[in-house]
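Data first, discussion second: the structure below is written as structure tokens.
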Amino acid sequence: LWSRQLHRSREGLFSSRPLRRLAALGYISGRPSIDNARLLRDYIRWEKRPILRRRAEQVLRQVEDYLDE
């Protein structure tokens, strides 16, 4: 079940629906890991909407800060 939820959230990050992408960013922000940091870097390069790209950059900074502790 956990694996399916994680997979769905990661898929949501690259969804064609902006609201789904925003929800996936929220999910990832609560689960900092090296894999999620890498995923966010890919997403930031891919995302065209400035508001979602900025949110992803914020989440990435939070994840990196957590991992630096």
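All values below were derived from every heavy atom in this structure, side-chain atoms included, with hydrogens, water molecules and symmetry-related copies excluded.
Once rounded to the nearest 0.5 Å, the distance linking CG of Leu40 with CZ of Arg53 reads 14.0 Å. Annotation: the span from Ser29 atom OG to Arg61 atom CZ amounts to 13.0 Å, rounded to 0.5 Å. Atom CD1 in Ile51 sits 6.0 Å away from atom CZ in Arg54 (nearest 0.5 Å). Atom CH2 of Trp46 and atom CG of Leu13 lie 7.5 Å apart (nearest 0.5 Å).
Across all their heavy atoms, Gly12 and Ala24 have their closest contact at C-CB, 3.7 Å. Shown here for Glu47 and Arg49, the closest heavy-atom pair between the two residues is OE2-N, 2.8 Å. Residues Phe14 and Leu39 approach most closely at CE1-CD1, 3.7 Å, considering heavy atoms. Closest approach of Val63 and Ala37 over heavy atoms only: CG1-CB, 4.0 Å.
Remark: the Gln58 side chain and the Arg55 side chain contain an N/O donor-acceptor pair separated by less than 3.5 Å.
The closest donor-acceptor contact from the side chain of Arg31 to the backbone of Tyr27 lies under 3.5 Å.
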Going through the distances and angles, do Tyr43 and Leu52 end up as a side chain to side chain contact (heavy atoms under 4.5 Å, CB included)? CA-CA 10 Å; Tyr43 173 76; Leu52 289 174; 3.6 Å; yes

Would Arg41 and Ile44 count as a side chain to side chain contact (heavy atoms under 4.5 Å, CB included) here? Give the steps. CA-CA 5 Å; Arg41 286 186 193 104; Ile44 289 166; 5.6 Å; no

